[in-house]
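In each ligand, atom 1 is the first atom listed, and ligand 1 is the first ligand listed. These values consider heavy atoms only, across backbone and side chains, with no hydrogens, waters or symmetry-generated copies.
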Amino acid sequence: MSELAINGGTPTIPDGPPAWPLRDDAVRQAMLAAYEDGDWGRYHGKHVERLTKQLVELHGIDHVLPCCSGTIAVELALRGLKIGDGDEVILAGYDFGANFRCIEAVGARPVLVDIDPATWCLDASRVEEAISTETRAILVSHLHGGLAAMSELRELADKHNLRIVEDACQAQGATIAGRVAGTWGDVGVISFGGSKILTAGRGGAITTPHEEVFQRAKIFNDRGNEAFPLSELQAAVLLPQLERLDERNGLRQQAVQKLLAECGELQGMTPVQLDGAGNAASFYKLAWLYDEQVNAQSRDAFIAAIQAEGVAIDAGFRGFVRRGASRCRRVGDLNHSSRAADQTVLLHHPVLLGSDSDLQLVATAIKKVLKAFAQR
Ligand SMILES: Cc1ncc(COP(=O)(O)O)c(C=O)c1O
């Protein structure tokens, strides 16, 4: 029993969060088959080729380049677009830390724009004022169950001759206005990292409709051998997961609806806005903005208490609001990014493939902790 459990009582979910990665028999079989045919120990084989073909089909796009991580995929995307010294790349003040570093890695300068507080993603209505003569690209991520306003961003990018890198590492198989996440950008980015909904422990890929971008990224990857490869074994375990991506995304979407309904209106906790018509998120994480003024307890106290109840909730990203002017240009206030960095709490996805009673237990734990805070 956890000493941190509210009132020292029994945690709401005594066994803790569901195991991740899933104990998936199809993945086990894929590993064994790769062992039997020897591909696990080869530089090249049929698995990476098959995975590439299936990702091309899923995205309805001409080119996919698998690689060793989502982080390297972002860099390959920028290099493929010829972003470099002296260029500016617009990104949200709240985003995955490595995205900022990837812009710096190619010699470009990040330009920070606030997020839309409803979706946790770059606010498209504030991008135009950030464009300068140096601006070459927009790097936009779909985050925490929120989806960026891609048709507005696409229109803006086309109007100003900018390129888009669309980071779908948290949104594999999601759709925005009927189009798969990653296909609105000039380059899309996905991750197969250890916590992702398609996981190989490590791995990633870029997707692009542009032959020349694909070729440039490939050339950067080529040091006489592939410098940032996805292995045969990684591809082998991804193939059976990819087959079930749509089905599992559907289950996660239903689970989020049920969970939020079960939670009802929560004091000082506002969930990410659920997707509009034609949109379907994939819920790698589910975000709430936690208000410590309302709950009179810090976010850290909330996270500690909720984890002690057996629920896998954690803090969000730190964002870039505190980055100095020597490293980036800031446009307008970044109040929502700042709030997101300080107040985001994220439910990790495995429980969204659990049973209805698992979801009820999560809702019960959240309500229990908030009620205990209110009584203190
Ligand atoms: C939005 C976003 N972009 C990029 C990445 C990087 O992916 P990887 O861990 O495969 O490097 C992550 C990982 O969590 C992410 O959440």
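- An N or O contact shorter than 3.5 Å is missing between Asp95 and ligand 1 by distance.
- Between Tyr94 and His144, the ring center distance clears the sub-6.0 Å criterion.
- Heavy-atom proximity to atom 14 (O) of ligand 1, evaluated over His142, Gln170, His144, Lys196, is greatest for Lys196.
- Comment: Arg154 engages Asp186 in a salt bridge, judged by a side-chain N to carboxylate O separation of less than 4.0 angstrom.
- For ligand 1, the atoms lying closer than 4.0 Å to a non-hydrogen atom of Ser191 are 7 (O), 8 (P), 10 (O).
- Close approach to Thr71 involves these atoms of ligand 1, each under 4.0 Å from a residue heavy atom: 6 (C), 7 (O), 8 (P), 11 (O).
- By the 6.0 Å and 45° rule, Arg202 does not stack over the aromatic ring of Phe192.
- Inter-residue side-chain proximity for Arg136 and Asn161 is flagged as unmet; no heavy-atom pair is nearer than 4.5 Å.
- Residue contacts with ligand 1 for Ser69 involve both N, CA, C or O and side-chain atoms from C-beta outward (heavy atoms, distance under 4.0 Å).
- The shortest heavy-atom distance from Leu143 to ligand 1 is under 4.0 Å.
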Please walk me through it: do Glu262 and Lys258 pass salt bridge (charged side-chain N to carboxylate O under 4.0 Å, His left out)? CA-CA 6 Å; Glu262 197 69 44; Lys258 282 182 200 160; over 6 Å; no
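- Taking 4.0 Å as the cut-off, Gly203 counts as a neighbour of ligand 1 on heavy-atom distance.
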